[in-house]
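Everything below concerns the one structure shown next.
So that the names make sense, note that chain A is the first sequence line, chain B the second, and so on, each numbered from 1.
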Amino acid sequence: MSDAIAPARVSDPRCADLFLHPPYRFQVMFQAVKTDIKFPKLEDETLAFWKQNRIYEKSLELRKDAPAFVFFEGPPTANGMPHPGHCLTRAIKDLFPRYRTMRGYRCERKAGWDTHGLPVEVEVCKELGIHSKEEIEAFGIEAFIQRCQQSVWRYMQEWERMTERLGFWIDISQAYVTYHQSYIESVWWSLKNFFDRGLLYRGHKIVWWWAQGGTALSSGEVGQGYREVADPSVYVRFPLEGVENTSLVVWTTTPWTLPSNQFAAVNSKLDYAYCTDSETGETIVVAAALVASLADKTKRTLTVQKTVKGAELLDLKYVPPFPYYYDQQSKELAELKEGGQCRPSWRVVEASFVTIDSGTGLVHMAPPFGEADYEVLVAEKARFKTPVQLPLLCAVAPNGRFTAEAPDYEGVWVKDADKPITRRLRDEGKLWHQEQYLHDYPFCWRASEDPLIQYPRESWFIRTTKFRDAMLENNKQIGWLPEHIGPGRFGNFLESNVDWALSRERYWGTPLPIWVCESTGQMEAIGSYDELLAKQGITGTEVWLEAKAKYPDLVDDLRVHKPYIDAILYDSPFEAGAKMRRVTEVIDCWYDSGAMPFAQWGYPHKNAASFKDQFPADFISEALDQTRGWFYSQLAISTMLFSKEEVAYPHPFKNCIVLGLMMAEWYESKDGKQRFLTEEEAREALGSEFVVKNGKMSKSLRNYRSPQEIFDKYGADALRWYLFANQPPWNSILYSERAIKDSIPEFILRLWNVFSFFTIYAEIDGFQGPADIVESLDQMNSSEFAKSPTYRPIEQRSELDRWMMSELAAACKDVVERMDKYDSYGACQTLNSLVDALSNWYVRRSRSRYWAADKQAPEKLDAYWTLYESLVVISKLIAPFTPFVAEVLWRHLKGDLSGVRESVHLCDFPSGDFASTDPLLNLRMNLLREIASLGRSARMDAKLKVRQTLSRVEVTLADESHIEWLKKHDDIVRAEINVKEIHYASGASPFVEYSVQPNFRKLGPRVGPLLPKLKQALVTASGAQLLEQMTLRGKITLSIDDKTIELDNEDIQVRMNAKAGWAASQGKNCVVALNTELTDELIRDGIANDAIRLIQDMRKKRQCDFADRIEVVLQSPETLIQDAIQENRNHICAETLAVRLTMDTSAVGVELEAVELAEFSVQLGLKVVKD
RNA sequence: GCGCGUGUAGCUCAGUUGGUUAGAGCGCGUCGCUGAUAACGACGAGGUCCCCGGUUCGAAUCCAGGCACGCGCACCA
């Protein structure tokens, strides 16, 4: 750039005499940039620049010996399209590593992909048009697995594109992949550790069972699938044996469990009532507390005969609704341990969890289909000498269909049996009442049409409950953002910890590495593939080799997967001649992701040093839904695997930002039938007949714009800034296209305009910036700039420059402080006000300096340097937030100066040590801004436009100590509010009245209840008199309720109000009053300003170049106008670059136009003068 | 049902240990500027701080009880 020789130019078009000089040439360091900027295009160019010059890699190399800042990437699943929510997590995940890298840390960013589990299997099934396990097996497990492995990468390209386009710097080439052999072997190692410590066990429990999928699900998975549904709610008679015409009434919402009924449970402490049902004359037994509400609900009259304690009902025998087991077993008796005999099933038993919150206070027990029911069975078994006499009565097969044990329903899917069962109960007179019940019920999170059922099943568990306290302690030391997650949501979740249901009876997942002796049933865990191959008498390895020979493209990692791994057998160490065979299950894919802190390295089989270096993480971030997903799986595995003695808490992560969920915003017609993503589209189609809707993002509703479209229209910086700067990241965030669009003018474009302003004048003036520094530059810091002969020490510059540098330094310190605390939102607010100060005060008030004639005037160079350095620092400050625009700024600002770092992302983050912060100056500058603002406000009230010059403004200050300083800046205030004179005062003033208020904070503790009266006394007294007293005697003495109170200066607060009747405006620190009297001279002055405005307007309309010289004709019969023009002729000409201003009607070749000037119609025309 | 969170301007959100005139941005309105110009800027209107009690001299802020919304949990039989 600096080689280019610019064409001849006028450096300052305001200076007419420049035209007299021959054109001259100079080198350009900065070229004016266009303002109609297309950010997406710039971003694409920046991406190419990064890639070509390996900037990310260089940013890592630069810090290769620096202390580590450890980041863990929570692995996404790449078998679905990335959506806006992923942009949020990836933006936050990018922000802090970038920031920390600039702050001097080594922040490696290893990508990762979650590749196992139900999500993948379900996708493949959809593709194949199959659903059940039988169908998968028929298709062939080998082929199915291969499909799964390929399916995982289906949307890989989209993910990579989104990641790159958003500016998320991460090592995708080094990504860990959960199906890779080394990853699986790490997982195996951890599971072997648990197994050997007795923490991995096989248990028979009631699990949430996905019948169609033939597998149990973890509580985390179950939680994903709750949905509100209406289920039948039935009240069923259980007739008591041996008591005439008397029934227990139980309530259930799962009629299909009734054929498997085994007990009726009561709470022995509750009262139960025998009631006469007027409708049927029968006697029913329900909880006494529920009689009234049941009568009301069923519109019956229930008359209580007697009330008994639940304990008295225990062991009463009843007839269950279905005869399937009852017919054969009801005559049996069994020996109780406590002595005596009893029928094992179909009697009333005790269950302390029974409440009167709902139902009847009597609970139908079907032990296979409820955890609580199952526990009751276990408890009952314990009472008997021969527990086998209490078998589990289960008429449902694992596929969710009735078995032959319930012949009437054999083969029927349980949920389909609800209706026929209810009908039959009614027909047989066993149904006492029926209604609909609306409640949440879990469905499979991946096959959302399939309801889950509770079902008894052998399954593998991790004994996490044993580590509950350790997990809680570990959790306490994690820095959660927002803080309440730790003790709140996450802590509560840990408190109610249950053992982790680890195994899945599925196909595509990490195989559970446990081999069982076929003969003795004894088991051992295997920690790696090599360990397995080293076993005695190994067989079955050829299955993989044959497959590989048949399909040479097979990924080698598949050898540790089903079905190949299942083929490997070896000699049992437990019994000669027996073989060891792997159990059939794979594991929960959440375990995979939770193991990533070590498994990403293949630890401990390899990369031990990397693991030690990169553990635990300093920072992770995911959305709220990961509380019991990845946040939990990591914490649980880590806490169990690494003792506190080995690794100090917290591990595996120290800080975690929990992101809010993203909401969609869209527009729809009032009937909801038409949906639009932007207001413009809606308006175009519907006029004003539409409504704005917010809600969850939904693929099927298509209620959000794809991230790619946002990138194309507004750019990644716009999205990033919107996400960072509009709310703390843990709030739920509205993905609103309009709001994203707005983030451009709010911040990015405002900054860009300042930059553009700088380049325009730097080019015109040939400001060289640091180009004249002989030494090689590096990061363009103050100390480097100081070597330029034109760079003056900050102390020597004007107040405005010093103020700007002070603001800049303060902002740097503030951003660092906030970002170190992970307060990205606060940091953005600081950045926003910094850019506002730069644009709306520094540049605005400095403009005249940039068009000063003398290019080498120190004040002019100061203005350039201050603005230039501000932009350089800001480009570094914003680099982690909006990396693209930061890079573009940096590259323009550095030109091609030698030695300067090629990318802003290779710089150190500015700490603000280049200038001292000056709070007093800051305060005073704000006061100045306030005065200007109040002046404008007063003008508005008096309806006096700024162009109308006024003679005088009176500023009354609360604190006189600033007056001397303010007087030095009269020029600024005069220019801002267009007055000729400013007068400052602090004491009594004709424009101000004072009111005195108590200093509540100070007096509250001292006078307590007297405060209201004290306030009253002060407010009603004359403020001026009180102040006089204070000035004379240094105190105010008041008498309240016979008590004398003395107030000193600190005990009161003085408030100033503008007196009525003045064009005045009051702020916190001052009152500004305008002299609104208009002299003829002032009026003429105003008319001249108006004329200037009209001429400039016309220049623009006629598309004059801003350096064009013109001739102006302005005619009016009014003497006032004529005088005004005459008097201000030179001023007008100078402002409008007019070489001639005439009122002569005979001017040739000038087209006249009628315009309004000071309420008169005048004729105005102009033409460009050719050189 | 239980738990966590949230409730402040038309919208999105700030609001320090309780201090008496509750803030910002956007939007809206009025206006200015016209050499940052399809830009820039100023000013203004707009609030029952969800409701109801309590503590206190004083509550958006603390406490209790409600209500609404969001999320989570599960012994919803």
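- Comparing the C1' positions of C40(B) and G46(B) gives an interatomic distance of 25 Å, to the nearest angstrom.
- In this structure, Glu976(A) does not pair ionically with Arg929(A), as no charged nitrogen and carboxylate oxygen lie closer than 4.0 Å.
- Residue contacts for Tyr825(A): at a heavy-atom cut-off of 4.0 Å it reaches the sugar-phosphate backbone alone, with no base atom in range.
- Lys741(A) places its NZ atom 17 Å from the C1' atom of G25(B), with the value rounded to the nearest Å.
- Listed pair Ser736(A) / U12(B) fails the phosphate criterion, with no side-chain N or O lying under 4.0 Å from OP1 or OP2.
- Listed pair Asn492(A) / G3(B) fails the phosphate criterion, with no side-chain N or O lying under 4.0 Å from OP1 or OP2.
- The residue among Ser1065(A) and Gly361(A) whose nearest nucleotide of RNA chain B lies closer to the 5′ end is Ser1065(A).
- Looking at the side chain of Phe1000(A), the nearest of the listed nucleotides G41(B), G3(B), U20(B) is U20(B).
- Applying the 3.5 Å distance criterion, the base of C71(B) shares a donor-acceptor pair with the side chain of Arg489(A).
- In this view, Lys821(A) satisfies the salt bridge (charged side-chain N to carboxylate O under 4.0 Å, His left out) rule with no residue, not counting sequence neighbours.
- In this entry G23(B) has C13(B) as its Watson-Crick or G-U wobble partner, both defining distances falling under 3.5 Å.
- Across A36(B), G19(B), U21(B), the shortest atom-to-atom separation from the side chain of Gln997(A) is found for U21(B).
- For the C1' atoms, the distance linking G7(B) with C51(B) amounts to 11 Å, nearest Å.
- Nucleic acid contact class of Ser496(A) (heavy atoms, under 4.0 Å, all strands): none.
- The side chain to side chain donor-acceptor pair (under 3.5 Å) test applied to Ser839(A) returns no partner, not counting sequence neighbours.
- When each of C4(B), C43(B), G41(B) is scored by its nearest atom to the side-chain atoms of His484(A), the top-ranked nucleotide is C4(B).
- Between the NE2 atom of His892(A) and the P atom of A36(B) there is a distance of 19 Å, given to the nearest Å.
- Atoms CD1 (Ile485(A)) and C1' (C71(B)) sit 10 Å apart, rounded to a whole Å.
- Between Phe758(A) and Phe767(A), the ring planes lie perpendicular to each other; the angle is over 60°, past the 30° to 60° tilted range.
- When the C1' atom of A42(B) is taken as reference, atom CH2 of Trp841(A) falls 12 Å away, rounded to whole Å.
- Candidate nucleotides A77(B), A36(B), U12(B) were compared by shortest atom distance to the side chain of Val363(A), and A77(B) ranks first.
- Look at C2(B): its Watson-Crick or wobble partner, with both distances under 3.5 angstrom, is G72(B).
- Thr253(A) has a side-chain polar atom (N or O) that falls below the 4.0 Å cut-off from OP1 or OP2 of A77(B).
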